[in-house]
2 protein chains.
Amino acid sequence: MDAPKISRETVLDTAMRIVEEHGLAALSMRRLAAELGVAVTGIYWHVGNREVLIGRLVERVVGRLGDITAAGSTPEQRILAVGHRLRRLIHDHPHMIALVYEHGQTALMMLPAERALAQEVGAAGLQGTAGAQAVRAVLHHVVGYVLLERAVSQSPEQHPSAAELWEGEAGADAALAQALSAPFDPDRLFELSLSALVRGLLMG
Amino acid sequence: MDAPKISRETVLDTAMRIVEEHGLAALSMRRLAAELGVAVTGIYWHVGNREVLIGRLVERVVGRLGDITAAGSTPEQRILAVGHRLRRLIHDHPHMIALVYEHGQTALMMLPAERALAQEVGAAGLQGTAGAQAVRAVLHHVVGYVLLERAVSQSPEQHPSAAELWEGEAGADAALAQALSAPFDPDRLFELSLSALVRGLLMG
DNA sequence: ACCTGAACACCGTTCAAGT
DNA sequence: ACCTGAACACCGTTCAAGT
């Protein structure tokens, strides 16, 4: 046997695959070693320990994020398009985003979208601090929405108490209470809330 | 020795204290047992296992959330006030909120604020589905913002690459790029983005 | 009813030893 | 340079046994 059995790259590759398929909790050093066909301790020569291994994974994910580009004719449409693409990007890699989030690298992950938004916000006429705040407001809204979305959709069941809570309402609020006790479409809510935010931002 | 050394209540009490002070990761059955002055296995008689123990903690946190009330003269002001109070509530119990979030009970946690918002949104003239969507948009914006805020503030350092990224910009965007490379005040951004969202929602 | 102790199957990590 | 094996200090959980 001459060539090394594993390398830092192969370790990262299969670690990445485990996280993508089964989540971070499934990434144990022993399982990783088993899938690599090596003794547990063999890993430690290539990556220092589990913490730095995860750090390298985060770097990879962030580094491989492609650019985000706008689309549409008006600045408002183009800002919305960036928001939708960022949301889509996060949705497509749930485990990896969780990884980045839990290691406090979310700000880095948002950079491509931030660039795209800066351009469109500038085109919409917002300069300097006002423009920066608009960019950040949209960014925070989108990423925050997706983070929350993940939690709510994970929710074991539509809690019965949630529906019951709105039953006793009377008068003009009855229709509102009724509507709140029904399930909702997260795509529509995202669309609606983001466009409301952008409208509010663009009018100063 | 006649009276039991521990009860389900005392187990939950000290488990809660550990999580509040040191986070969920610090809650091990063995540490819990040690702090209770009992053998590890003694815990299992009172709460089935670690999973159901955490489930009970989540129930407690959710059950102990007080009401959220509005304040201010105009509907817009009162909606903003609810948003600020919800954010404050979450900020005040970071570990517990993380607990609720990671166990998919965030929707339940938002109920008090949802009630308060429903009332104010109704008073602002939004009924039925439109009102429900406005309530949910504000709710998602606030909670999402705080979730993201936690991640970004956890971020080890203001990444140098973030600042460098904006250096080469030219022309009218220079001021915007400059503003984006500077740190920002999360309180101000929250205030600004929430009020923009509410403005956008109230104007249909 | 309430608690202990031994035992099992897992972890991450270190370190001397092998090739 | 690269990998193994033994060992250590942790986990959560089960179960027979004690009182």
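Note that the structure is predicted; figures quoted are calculated from it, not measured. In what follows, chains carry the letters A, B, and so on, assigned in the order in which the sequence lines appear, proteins first and then strands, with residues in each chain numbered from 1.
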K.L.:
Counting only side-chain N and O atoms of A:T41, is one of them less than 4.0 Å from OP1 or OP2 of D:dT4?
P.N.:
no
K.L.:
Test the B:R87-B:F190 pair against the cation-pi criterion, namely NZ or CZ under 6.0 angstrom from the six-membered ring centroid and within 45° of the ring axis.
P.N.:
yes
K.L.:
Taking atom CZ of B:R188 as the centre, report whether more than 12 heavy atoms of other residues, nucleotides or ligands fall under 6.0 Å from it.
P.N.:
no
K.L.:
Do B:F184 and A:H140 have ring centres separated by under 6.0 Å?
P.N.:
yes
K.L.:
Below 4.0 angstrom, N of the basic side chain to O of the carboxylate: do A:E20 and A:R17 qualify?
P.N.:
no
K.L.:
Quick test of your reading of the model: are A:R8 and A:D13 salt-bridged, counting only N-O distances below 4.0 Å?
P.N.:
no
K.L.:
Identify which nucleotide among C:dC3, C:dC11, D:dC2 has an atom closest to any side-chain atom of A:R30, counting heavy atoms from C-beta outward.
P.N.:
C:dC11
K.L.:
State whether a side-chain donor-acceptor pair under 3.5 Å links A:S193 with B:R136.
P.N.:
no
K.L.:
Does the distance from a Lys or Arg side-chain N to an Asp or Glu carboxylate O, for B:E9 and B:R60, drop under 4.0 Å?
P.N.:
yes
K.L.:
Counting only heavy atoms and a strict 4.0 angstrom limit, can you tell me which residues of residues 43-53 of chain A come near DNA chain D?
P.N.:
A:W45, A:H46
K.L.:
Can you measure B:L27 atom CG to D:dC10 atom C1' for me and round it to whole angstrom units?
P.N.:
15 Å
K.L.:
So what does the secondary structure string of DNA chain D come out as, 5' to 3', with Watson-Crick or wobble pairs under 3.5 angstrom, [ ] for crossing and | for pairs with another strand?
P.N.:
||.|||||...|||||.||
K.L.:
Would you mind telling me which of D:dT4, C:dG12, C:dC2 lies closest to the side-chain atoms of A:A39?
P.N.:
D:dT4
K.L.:
Which whole-number value in Å describes the distance from B:M29 CE to C:dT4 C1'?
P.N.:
15 Å
K.L.:
Can you check whether A:L147 reaches A:I90 side chain to side chain, under 4.5 Å on heavy atoms?
P.N.:
no
